[in-house]
There are 2 protein chains.
Amino acid sequence: MTQSRPRIPEATVARLAVYLRVLTGLAGGGRSTVSSGELASAAGVNPAGLRKDLSHLGPCGVRGVGYDVATLRDRIARVLGVEQSRACVLVGIGNLGTALADYAGFGSRGFRFVGLFDAAPARVGQRIGGQPVRPMAELDEVVAATAATIGVIATPAEVAQPVCDRLTTAGVRSILNFAPVALAAPPEVDVRQVDLSVELQVLAFLGQQRSDAAGSLEVLA
Amino acid sequence: MTQSRPRIPEATVARLAVYLRVLTGLAGGGRSTVSSGELASAAGVNPAGLRKDLSHLGPCGVRGVGYDVATLRDRIARVLGVEQSRACVLVGIGNLGTALADYAGFGSRGFRFVGLFDAAPARVGQRIGGQPVRPMAELDEVVAATAATIGVIATPAEVAQPVCDRLTTAGVRSILNFAPVALAAPPEVDVRQVDLSVELQVLAFLGQQRSDAAGSLEVLA
DNA sequence: GGTTGTGAAATGCTTCACAGCT
DNA sequence: AGCTGTGAAGCATTTCACAACC
């Protein structure tokens with residue numbers, strides 16, 4: 001029955017996740033209040049932008065003082081839906097999949113992997129972070145039993161689409177795809193794509209552009 | 001002495017990297033031409049946006065026909081600076097670091113890792129993808145010898161800042177950081193941040209928002 | 001007929017500046 | 001005095017619609 005639905009911008013949601021991480025760290029260090037300036041510099045953003053982001057949650061600071069660390073943390077966690085931890089399944093337990101399964105950042109931020117799957121018989125049965133790697137045949141069963149709504153794909157590109165299909169028919173509603181291919185999925189399923197090498201390529205382009213620009217310094221003199 | 005500097009938008013650069021990947025795949029499959037519609041759907045974007053992106057490179061298609069796959073691929077590769085391969089060093093050879101070092105997508109897209117580094121003695125000397133893991137003490141030497149300009153950080157968060165400092169003093173100009181902390185670096189060094197769990201959190205938020213919205217379907221009826 | 005290339009409109013996001021509160 | 005919250009301005013990006021072209 002929430003009457004207000006002010007549509008939080010996606011860019012803001014992404015930053016809220018970062019603020020949440022920083023606030024959790026501050027709370028762990030015993031800190032009780034922060035200013036927007038300090039929080040912004042720890043998160044790598046500008047202070048005015050941070051305040052605008054927080055304004056989407058309604059007033060949550062004290063003027064002249066700052067924000068209460070624990071209160072703000074809980075407020076953001078509730079908005080992001082991280083208060084109750086969400087069940088995820090992970091398909092593709094290579095190096096990347098193993099890194100994701102082990103990554104403490106997930107567990108501590110409201111996500112738990114309830115199933116690790118791989119098609120290679122050699123990997124099935126290995127234990128990663130206390131959990132066994134299961135064969136793909138058990139996917140539907142595990143998704144049904146755990147009510148997992150999120151699937152993560154860390155397979156080679158060639159098999160990502162069939163894995164996506166299997167996840168959607170098993171009942172997963174959201175998919176995070178690390179394989180470098182665009183996936184087709186029914187409209188009721190959200191798919192987000194992360195391409196690790198795109199960031200590197202953007203970085204290289206910016207570096208190249210900057211050194212080119214350095215050749216025309218005299219324009220500024 | 002390139003006289004034209006029309007400032008390609010960063011969002012476009014990121015997508016160009018994706019188009020390049022798709023085009024490379026098409027060329028490998030023996031395909032000679034593509035339309036913007038087909039290329040867009042393989043890249044997961046909308047056709048008009050793709051054409052606008054390509055317009056930053058100047059005219060490169062044939063009206064009524066489409067784009068020549070090989071020509072467009074080479075054009076994008078040149079703009080992104082992928083023709084000459086770039087030397088990178090990678091610090092932090094855990095699961096994620098290993099995944100990055102092994103990831104074929106880098107090698108085939110203009111990046112080569114010329115040094116893998118880790119602080120843990122147990123990891124030093126292991127071979128990943130044909131290369132030995134080196135101790136941090138050799139960092140400056142390798143960066144100098146290979147003229148590496150890009151550093152990738154895949155360490156735990158606690159040591160990412162000191163690693164960043166070591167990379168910048170060694171002479172690296174661009175840094176891609178996978179550790180979940182905002183890094184401070186001198187202004188002449190580009191830092192880009194990738195937080196693997198942020199995407200998952202955005203996905204969870206969108207999923208939650210959508211199921212909330214499903215409760216108010218009658219508004220549309 | 002079919003498809004590209006592109007101005008112009010629309011949208012979304014960021015930054016600024018300052019009013020408002022403690 | 002200090003810091004938050006926010007309207008408004010400025011900037012970037014996406015989408016649309018269609019003229020230009022093969």
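The shown structure was predicted, so the numbers you read here are calculated from the model rather than taken from an experiment. Per chain, numbering begins at 1; letters A, B, ... match sequence-line order.
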Colleague: Quick check: any donor-acceptor pair below 3.5 Å linking the side-chain of A:Arg63 to the base of C:dT22?
Modeller: no
Colleague: Figure out the OH/C1' separation between A:Tyr67 and C:dT22, and round it to whole Å.
Modeller: 14 Å
Colleague: Provide, to the nearest angstrom, the distance between the CD atom belonging to B:Glu10 and the P atom belonging to D:dC11.
Modeller: 18 Å
Colleague: Closest to the A:Ala11 side chain: C:dT14, D:dT4, C:dT4?
Modeller: C:dT14
Colleague: Less than 4.0 angstrom from a charged side-chain N to a carboxylate O is my criterion; do A:Arg166 and A:Asp140 meet it?
Modeller: yes
Colleague: Both A:Asp53 and A:Val65 contact DNA chain C. Which one's nearest nucleotide lies toward the 5' end?
Modeller: A:Asp53
Colleague: Which nucleotide wins on minimum distance to the side chain of B:Ser36, given the candidates D:dC16, C:dT4, D:dT13?
Modeller: C:dT4
Colleague: Just how far is it from atom CG of A:Leu96 to atom OH of B:Tyr103, taken to the nearest 0.5 Å?
Modeller: 9.0 Å
Colleague: How long is the line joining CG of B:Leu54 and P of D:dT15, in whole Å?
Modeller: 15 Å
Colleague: B:Lys52 NZ to D:dT14 C1': how many Å, rounded?
Modeller: 9 Å
Colleague: Which value, rounded to the nearest 0.5 Å, describes the distance between B:Thr33 atom OG1 and B:Leu72 atom CG?
Modeller: 11.5 Å
Colleague: Could you check B:Ser174 against B:Asp190 for side chain to side chain donor-acceptor pair (under 3.5 Å), going step by step and ending with a plain yes or no?
Modeller: CA-CA 5 Å; B:Ser174 304; B:Asp190 269 356; 4.8 Å; no
